[in-house]
Amino acid sequence: MPTPEASSIDSTARAHHVAAPVESADGPELPQYSVAKVLAIWAAAAVPMALLAWVVTPVVAGGDAPEGRFATVLIAALTGGLVWQAVLVLGLVAHEQRSLRWPVLRDALWLRAPSDDRGRRGGRLWWWVAVFALGFFLVQLVPTGLPEPSDRSLGAFLASTEGQEHFSGAWGLFALVVVMMTFNSFLGEELLFRGLLLPRMRGAFGRRDRMVDALLTGLYHLHQPWSMPGAVLAGALFAYPSRRFRSAWMGIAIHSTQSVVLLVVIGTLVLR
């Protein structure tokens with residue numbers, strides 16, 4: 001039978017359209033976001049990325065900029081947007097938890113080893129990363145049918161003679177790409193969607209939270225809308241194990257496989 005205090009908390013939460021804090025199996029209580037707050041945080045990440053890609057980059061690069069300069073400016077702009085996401089996450093956690101100490105960040109952002117309902121932690125559970133990473137690889141092979149602008153396709157640029165010459169010996173540019181990939185698959189995008197949002201969405205979306213998280217991940221790609229269908233599928237592959245094993249490291253590890261491959265490819269061009 002619920003206590004008067006519990007009933008009072010639930011009533012207050014319903015009145016404000018926010019679920020009461022939910023305690024995970026192996027961590028402290030985390031507040032649950034309302035639908036409006038989830039969408040506001042999504043917009044705070046997606047809109048700046050879109051503006052940086054479609055407004056800032058053309059202005060800074062110039063109308064008749066060589067393809068190499070345009071690519072460099074675009075990489076720098078998107079890196080700035082991803083760094084902003086990390087700042088946003090840390091700011092929200094600091095406001096929520098009143099601390100940014102590692103033990104607090106670890107629990108607030110699910111930065112802990114995967115665990116299951118049977119009490120197992122880490123160990124063989126990490127093998128699920130390989131399974132979902134394979135799925136992530138296959139998703140990237142699925143054609144979406146959406147046209148990708150040639151001047152915004154990193155793959156096409158890397159395959160071109162100009163792109164290969166642009167990256168040859170360009171250690172500074174390579175360092176910038178490393179920073180971009182680090183924030184893309186860990187400190188920025190993944191930490192926002194799987195570390196901050198996903199653990200706080202069950203109150204508003206119930207067991208559909210993983211599906212909604214994946215959808216928001218896809219729609220977030222306003223800066224490259226042609227990738228949205230694949231990003232939704234990829235987001236599902238990141239969100240399911242992160243929620244199932246209550247660990248953002250799962251999504252981070254799976255997403256990072258793409259970054260590692262890209263860095264190896266670019267690294268070989270830099271060394272030429």
Side-chain angles (χ1 to χ4, degrees), residues 17-19 21-22 27-57 74-112 176-205 209-210 212-225 227-228 231-232 234-235 238-239 242-243 247-252 255-256 259:
H17 305 287
V18 182
V22 175
E29 293 183 350
L30 293 176
Q32 297 296 288
Y33 289 167
S34 65
V35 173
K37 187 167 185 177
V38 169
L39 294 179
I41 294 172
W42 170 86
V47 173
M49 290 290 282
L51 291 175
L52 287 167
W54 299 105
V55 179
V56 174
T57 295
L74 180 59
I75 290 171
L78 295 181
T79 299
L82 291 166
V83 171
W84 154 244
Q85 291 172 31
V87 173
L88 176 63
V89 170
L90 292 177
L92 290 169
V93 172
H95 177 74
E96 172 187 295
Q97 302 291 331
R98 299 292 188 264
S99 174
L100 289 177
R101 293 181 299 110
W102 169 244
V104 175
L105 286 174
R106 179 190 60 209
D107 289 333
L109 297 174
W110 274 5
L111 293 173
R112 55 198 184 212
L176 180 61
V177 173
V178 170
V179 174
M180 182 178 71
M181 291 295 98
T182 300
F183 279 88
N184 179 57
S185 56
F186 176 21
L187 298 175
E189 186 177 320
E190 274 306 308
L191 209 59
L192 177 76
F193 283 97
R194 258 61 67 181
L196 179 77
L197 287 178
L198 185 58
R200 294 163 175 79
M201 290 170 60
R202 179 140 294 186
F205 300 101
D209 57 349
R210 292 170 293 193
V212 176
D213 185 81
L215 180 61
L216 291 178
T217 298
L219 296 177
Y220 149 80
H221 286 77
L222 296 172
H223 55 287
Q224 46 185 55
S227 70
M228 283 184 176
V232 172
F238 305 152
S242 295
R243 162 55 74 179
S247 173
W249 287 119
M250 301 297 280
I252 291 168
H255 199 165
S256 294
S259 298

Novice: Only counting residues at least two apart or in another chain, list the ones meeting side-chain hydrogen bond (donor to acceptor under 3.5 Å, both in side chains) with Q224.
Specialist: S227
Novice: Using the test side-chain hydrogen bond (donor to acceptor under 3.5 Å, both in side chains), find all partners of R210 that sit at least two apart in sequence or belong to another chain.
Specialist: none
Novice: Here's a test for you: under ring-ring contact (aromatic ring centres under 6.0 Å, His included), which of F186, F238, F183 qualifies with H255?
Specialist: F238
Novice: Is it the case that the side chain of S242 and the backbone of M250 share a donor-acceptor pair, with hydrogens and angles ignored and the cut-off at 3.5 Å?
Specialist: no
Novice: Output the distance between atom CG (D209) and atom CD (Q32), rounded to the nearest 0.5 Å.
Specialist: 8.5 Å
Novice: If you look at every heavy atom in N184 and S259, which pair is closest and at what distance?
Specialist: ND2-OG, 4.5 Å
Novice: What residue pairs, at least two apart or across chains, pass side chain to side chain donor-acceptor pair (under 3.5 Å) with a residue in residues 45-54?
Specialist: none
Novice: Nearest heavy-atom pair of L216 and M201: which atoms, and what distance?
Specialist: CD1-CE, 4.3 Å
Novice: Any idea which heavy atoms bring V93 and L105 closest together, and the distance?
Specialist: CG1-CD2, 3.8 Å
Novice: What are the two closest heavy atoms between A248 and L109, and how far apart are they?
Specialist: CB-O, 3.4 Å
Novice: So, for M180 and L82, which heavy atoms are closest and what is the spacing to 0.1 Å?
Specialist: O-CD1, 3.5 Å
Novice: Measuring from W42:CH2 to L219:CG, what's the distance to the nearest 0.5 Å?
Specialist: 6.0 Å
Novice: Identify the two heavy atoms, one from A108 and one from L30, that lie closest to each other, and give their separation to 0.1 Å.
Specialist: CA-CD2, 3.9 Å
Novice: Would you please name every residue forming a side-chain hydrogen bond (donor to acceptor under 3.5 Å, both in side chains) with T217, sequence neighbours left out?
Specialist: R194
Novice: Within a strict 4.5 Å, meaning less than it, do heavy atoms of the R200 and E96 side chains meet?
Specialist: yes
Novice: Taking atom CG of L92 and atom CD1 of I41, what is their separation to the nearest 0.5 Å?
Specialist: 5.0 Å
Novice: Return each pair, listed once, that meets side chain to side chain donor-acceptor pair (under 3.5 Å) where at least one residue sits in residues 77-87; pairs must be two or more places apart or across chains.
Specialist: Q85-Y220
Novice: Nearest 0.5 Å please: distance from the CG atom of L198 over to the CZ atom of F193.
Specialist: 11.0 Å
Novice: With F205, which residues qualify under ring-ring contact (aromatic ring centres under 6.0 Å, His included), at least two apart?
Specialist: none
Novice: Say you draw a straight line from CG of L88 to CG of L192; how long is it, rounded to the nearest 0.5 Å?
Specialist: 6.0 Å
Novice: Between W249 and L111, is there a donor-acceptor pair closer than 3.5 Å when you use the side chain of the first and the backbone of the second?
Specialist: yes
